[in-house]
Amino acid sequence: MASVLASKMGLNSLRRKQAKTFSVTVVTMDADLEFSCKLKWKGKDLFELVCRTLGLRETWFFGLRYDVKDTVAWLKMDKKVLDHDMPKEEPIVFHFLAKFYPENVEDELVQDITQHLFFLQVKTSILEEEIYCPPEASVLLASYAIHAKYGDYDPNVHKPGFLSQEELLPKRVINLYQMTAEMWEERITVCYAEHRGRTRDEAEMEYLKIAQDLEMYGVNYFSIRNKKGTSLLLGVDALGLHIYDPSNKLTPKISFPWNEIRNISYSDKEFAIKPLDKRADVFKFNSSKLRVNKLILQLCIGNHDLFMRRRRVDSLEVQQMKMQAREEKARKQMERRRLEREKQLREEAERARDELERRLIQLQDEAHMANEALLRSEETADLLAEKAQIAEEEAKLLAQKAAEAGQEMRRIKVTAIRTEEEKRLMEQKMLEAEMLALKMAEESERRANEADQLKQDLQEARESERKAKNKLLEITSKSAYSPVPLSANALPPDGPNFNFSMENLSFDFKDTDMKRLSMEIEKEKVEYMEKSKHLQEQLNELKTEIESLKLKDRETPLDILHNENTEKGTSKQSNFKKLTLQSTKSRVAFFQEL
C-alpha cells in the first residue's frame with residue numbers, strides 16, 4: 001500500500017515538472033476558485049492572487065488554511081507552496097478564511113467585501129455551533145441574515161413558508177424548545193419586519209456587531225497542560241491569551257492582554273510566554289504536538305501585531321481606504337435618498353391614479369343608480385297613470401248608475417199606487433232606492449277623490465323623473481371632464497419619467513463636508529448607544545416569549561453556563577476587565593497552581 005502511494009506521489013511530481021505548473025482550488029465562503037500556479041510560487045504569490053480576484057485590500061485579517069492529518073495549518077507567505085507539509089494530490093485544496101478577528105467590526109472593517117466574508121464565516125460558525133449563541137440572539141441574528149438575503153420585508157412576497165428551506169438556527173436551539181418550524185419562522189419574521197429600510201451591508205454589519213459580543217467569537221481553542229499536568233484550554237483572540245477550564249469555554253479563569261506580553265517562544269512541545277512584568281515568572285505550558293505549538297505561535301504573533309497596530313496611527317493605505325469608504329458611503333446614501341425620493345414620487349403617482357380610478361368608478365356607480373332611479377320613476381308614472389284611468393272609468397260608471405237610480409226614483413214617485421200596502425211597499429222601495437243612491441253618490445265621490453290623488457301622484461312621479469334626468473345629465477357632463485393635472489412632483493399612471501440634473505448629484509468633499517461627516521458619525525454613535533439599549537430590550541423580550549416553551553432537560557452544559565453568567569450579570573467584556581485588573585505575577589502563579 002505504501003509503495004502504491006509513493007508511486008502515485010512520484011507520478012504527480014513528474015507531471016508537475018513536465019507541466020511546470022500545479023492546480024489549486026481555493027474554497028471561499030462565497031465560491032470555489034481554481035488557479036494554475038507555477039512551481040516556484042510562494043505562499044504570498046498565491047495569497048495575493050486570491051485577494052486580487054476577490055477585490056480584497058484588507059488582507060491582514062485573512063489566510064489560506066489547509067488540512068493536515070488531524071489538525072489544520074496556515075500557508076506561510078515566505079515559503080514555497082509545494083514545500084508545505086500537506087497532501088500534494090491535485091488540485092491542492094486551500095480554504096480562504098479569516099485568520100484574525102477585529103476588536104470592533106464597525107471601526108475596523110472598511111471594505112464591503114471584507115465585511116461580507118466575515119459575515120458568512122461567522123454565520124457558518126454559529127450555525128455549526130463552533131460559536132455558542134443563546135436562543136434569543138440566534139433568532140435576532142437569523143432575522144438580520146434573512147434581511148441581508150431578501151432585502152426589505154414585503155408581506156405580499158414573503159408569505160408564510162418562505163423560510164422553510166433556509167437554515168437559520170443552530171440545531172441545539174431548535175431541539176431546546178417545543179416549537180414547530182412555523183412558530184420559529186413567525187418569530188424570526190416579526191424581527192425581520194422591523195429592519196425595513198436597511199441595506200444588505202447594514203444588515204450584515206448589525207449581525208456582526210451582535211455576534212462579536214458572543215463569548216466564543218474569534219477565539220481559537222487549544223488543549224494544553226500546565227506544569228502540574230492539569231488539562232486546560234488556551235484561547236487566543238484579538239485581545240490576548242485566555243485560560244479556560246475544558247468544561248467551560250465561555251468564561252476564562254485567567255486572561256493576559258497582548259500589551260502585557262513581552263516575548264513568545266516554544267521549544268519542542270513546551271510553550272513559553274514572557275510577561276512585561278519582570279517580577280512575574282515565565283508563563284509556560286505544554287501542548288500535545290509540535291505542529292500545534294507552531295499554529296499557536298502564528299496566531300499569537302499575528303494577533304499581537306494587529307493589537308499594537310490598532311493603537312497606532314493608521315497607515316497611509318488604511319487612511320486612503322477609510323477615506324474611500326466614507327466617500328462610497330456618502331455616495332450610497334445620496335443614491336439611496338434619490339431612490340427613496342423616486343419611490344416616493346412613484347407611490348404618490350400611483351395613489352393619485354388609484355384615487356382617479358376610484359372617483360371614476362364612483363361616478364359610474366352614481367350614473368348607474370340614477371339610470372335605475374329614472375327607470376323606476378317612469379315605471380311608477382305609467383302605473384299611476386293606468387290606475388288613474390281605471391279610477392276615472394269606475395267613477396263614470398258609478399255616476400251613470402247613480403243617474404239611473406235617480407230616474408228610477410222619479411219614475412216610482414210619479415207612479416200611482418192604488419192601495420195603502422202598495423204605497424207602503426213603494427215608500428219602502430223608495431227609501432231603499434234613496435239609500436242606494438246615497439251610497440252610490442258617496443262611492444262616486446270617493447272614487448273621484450282617489451282619481452284626483454292618483455293624478456297628484458302622477459304629477460309628483462313626473463317631477464321626480466324630471467329631476468333624475470337632470471342629475472343624469474349633470475353626472476354625464478362630469479365624467480367627460482379632463483383629469484386634474486398632477487403636481488410637478490407627481491408622475492403619470494403609466495410609469496415615471498424622472499429627469500434629475502447631474503449637477504444636483506455632484507459631491508465635493510470640502511472641509512465643511514468633512515466636518516459634516518464627522519458630526520454625522522458622532523450622531524451615529526449616539527444612535528448606536530440607543531440602538532444597543534433597544535437591542536438588549538429586544539433580546540430580553542424574545543427570551544421571555546420563548547422561555548415557557550423551553551425543554552429544561554435538553555439544555556447543554558454551555559446553555560447552563562450562559563444562564564449562570566446572565567444571572568450574575570457577567571459579559572465577555574466585563575469578565576475580561578475584571579481578570580486583567582489582577583497583577584500579571586498573581587495570574588501566572590494562579591495558572592501554575594491550577
Side-chain angles (χ1 to χ4, degrees), residues 119-147 149 160-194 206-223 231-233 235 237 242 244-253 535-575:
F119 162 74
L120 294 175
Q121 185 168 335
V122 172
K123 185 180 77 166
T124 301
S125 298
I126 290 174
L127 293 178
E128 293 179 355
E129 300 184 32
E130 295 173 4
I131 297 175
Y132 173 80
C133 184
E136 61 276 11
S138 298
V139 172
L140 189 56
L141 289 176
S143 69
Y144 278 114
I146 291 301
H147 188 90
K149 181 174 181 178
F162 79 106
L163 299 180
S164 59
Q165 303 301 318
E166 299 286 345
E167 185 181 3
L168 300 172
L169 300 170
K171 291 181 180 178
R172 171 187 56 79
V173 174
I174 296 174
N175 294 332
L176 186 58
Y177 291 86
Q178 198 171 4
M179 294 173 62
T180 63
E182 291 75 16
M183 294 168 70
W184 283 117
E185 179 180 314
E186 181 183 354
R187 277 165 173 77
I188 292 171
T189 304
V190 169
C191 296
Y192 170 35
E194 294 180 2
E206 290 298 322
Y207 186 102
L208 291 173
K209 286 196 293 187
I210 296 171
Q212 73 180 354
D213 291 333
L214 301 176
E215 291 90 338
M216 295 174 65
Y217 167 86
V219 183
N220 291 282
Y221 295 93
F222 301 95
S223 297
S231 294
L232 299 166
L233 285 178
D237 70 0
H242 314 280
Y244 298 84
D245 188 291
S247 63
N248 184 357
K249 289 185 176 182
L250 300 184
T251 310
K253 290 182 172 292
L535 172 64
Q536 195 58 44
E537 292 174 353
Q538 196 173 15
L539 289 173
N540 292 335
E541 184 179 346
L542 280 171
K543 184 176 181 180
T544 304
E545 286 180 2
I546 62 179
E547 189 68 22
S548 60
L549 300 170
K550 182 186 286 187
L551 301 172
K552 294 286 186 180
D553 57 333
R554 295 186 183 179
E555 284 187 325
T556 64
L558 288 178
D559 288 320
I560 296 170
L561 289 168
H562 174 75
N563 292 337
E564 290 175 355
N565 288 342
T566 303
E567 289 175 3
K568 294 176 184 176
T570 304
S571 66
K572 180 179 179 180
Q573 292 79 5
S574 65
N575 189 65

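These numbers come from a predicted model, not from an experiment.
Contact annotation: the side chain of S143 approaches that of L140 to within less than 4.5 Å [non-hydrogen atoms, C-beta and beyond]. Annotation: side chain of V219 is in contact with side chain of Y244 (closest heavy-atom distance under 4.5 Å). Residues E564 and L561 form a side-chain contact, since some pair of their non-hydrogen atoms from C-beta on lies under 4.5 Å apart.
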Practice item. Would you please test F162 and T189 for side-chain contact (heavy atoms from CB on, under 4.5 Å) and show each step? Key: CA-CA 10 Å; F162 79 106; T189 304; 4.0 Å; yes

Review point. side-chain contact (heavy atoms from CB on, under 4.5 Å) between E206 and H147: does it pass, once the steps are laid out?
Key: CA-CA 11 Å; E206 290 298 322; H147 188 90; over 6 Å; no

Point to revise | Residues I126, Y217; criterion side-chain contact (heavy atoms from CB on, under 4.5 Å); working and verdict | key: CA-CA 9 Å; I126 290 174; Y217 167 86; over 6 Å; no

Practice item. Apply side-chain contact (heavy atoms from CB on, under 4.5 Å) to the pair E215 and T251, showing each step before the final yes or no. Key: CA-CA 7 Å; E215 291 90 338; T251 310; 5.9 Å; no

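Relative ring orientation between Y132 and H562 is described as tilted, the plane-to-plane angle lying within the 30° to 60° band.
Both tests hold for K249 against Y221: distance to the six-membered ring centre under 6.0 Å, angle to the ring axis within 45°.
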Sequence neighbours excluded and cut-off under 3.5 Å, please list the side-chain donor-acceptor pairs for residues 167-174, or say none.
{"unit_1": "R172", "atom_1": "NH1", "unit_2": "D559", "atom_2": "OD1", "d": "2.8"}
{"unit_1": "R172", "atom_1": "NH2", "unit_2": "C133", "atom_2": "O", "d": "2.5"}

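Remark: the backbone N or O of G161 is paired with a side-chain donor or acceptor of E185 at under 3.5 angstrom.
The neighbour count for E194 CD, taken as heavy atoms of other residues, nucleotides or ligands under 6.0 Å away, is above 12.
Here CG of L232 is found 7.0 Å from CG of D245. Values are rounded to the nearest 0.5 Å.
The residue from L214, L208, L127 that alone fulfils the side-chain contact (heavy atoms from CB on, under 4.5 Å) condition with V122 is L208.
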